[in-house]
Amino acid sequence: MTDDKRDAAIDRKLLELLVCPLTKGTLSYDPQRQELISKSARLAYPVRDGIPIMLPSEARAIED
């Protein structure tokens, strides 16, 4: 699947409603890495096949 098709498969309205499960803070979407970023929790939640995986155990820690 191309990047354009992957981006199209993600429901933008759903992304607007999702919050970090730990901090309840807002998330930003990184289309390059297919991740939802929680700056307050310093975690990146993966998006697989257009489905956000909102489990802290599946998230990648973000380091500066």
Side-chain angles (χ1 to χ4, degrees):
M1 187 182 306
T2 66
D3 286 337
D4 290 336
K5 288 183 182 175
R6 259 190 231 126
D7 289 344
I10 297 170
D11 184 354
R12 298 291 179 184
K13 291 289 185 188
L14 174 63
L15 295 180
E16 290 174 12
L17 298 173
L18 290 175
V19 296
C20 175
L22 296 177
T23 67
K24 307 303 185 236
T26 60
L27 299 167
S28 60
Y29 178 59
D30 180 350
Q32 281 298 85
R33 299 187 92 162
Q34 294 287 300
E35 294 177 329
L36 293 173
I37 309 297
S38 172
K39 291 182 182 176
S40 57
R42 299 174 53 85
L43 292 173
Y45 297 94
V47 177
R48 297 184 187 130
D49 297 322
I51 301 169
I53 310 300
M54 302 303 297
L55 300 170
S57 61
E58 293 287 321
R60 175 179 65 83
I62 298 173
E63 298 183 25
D64 288 333

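Position 1 is the first residue of the sequence, and the numbers go up from there.
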ask   = Residues sharing Val19's hydrophobic cluster, by side-chain heavy-atom contacts under 4.5 Å among ILVMFWY, directly or via others?
value = none
task = Name all residues meeting the side-chain contact (heavy atoms from CB on, under 4.5 Å) criterion together with Leu17; count only those two or more places apart in sequence or in a different chain, and write none if there are none.
result = none
request  = With the side chain counted from C-beta on, respond yes when Glu35 and Ile62 share a heavy-atom pair under 4.5 Å apart, and no when they do not.
outcome  = no
key: Which residues share a side-chain contact (heavy atoms from CB on, under 4.5 Å) with Arg42, sequence neighbours left out   = Asp64
task = List for me each residue that meets side-chain contact (heavy atoms from CB on, under 4.5 Å) alongside Leu22, sequence neighbours excluded, and say none if there are none.
result = Cys20, Leu43, Tyr45, Pro56
task = List the atom of Pro52, the atom of Leu18, and the distance in Å for their closest heavy-atom pair.
result = CG-CD1, 3.6 Å
inquiry  = Strictly by side chain to side chain donor-acceptor pair (under 3.5 Å), give each pair with a member in residues 16-26 just once, sequence neighbours left out.
reply    = Thr23-Ser40
ask   = Is there side-chain contact between Leu15 and Leu27, with heavy atoms separated by less than 4.5 Å?
value = no
Same apolar cluster: Met54 and Tyr29, side chain cutoff 4.5 Å = yes
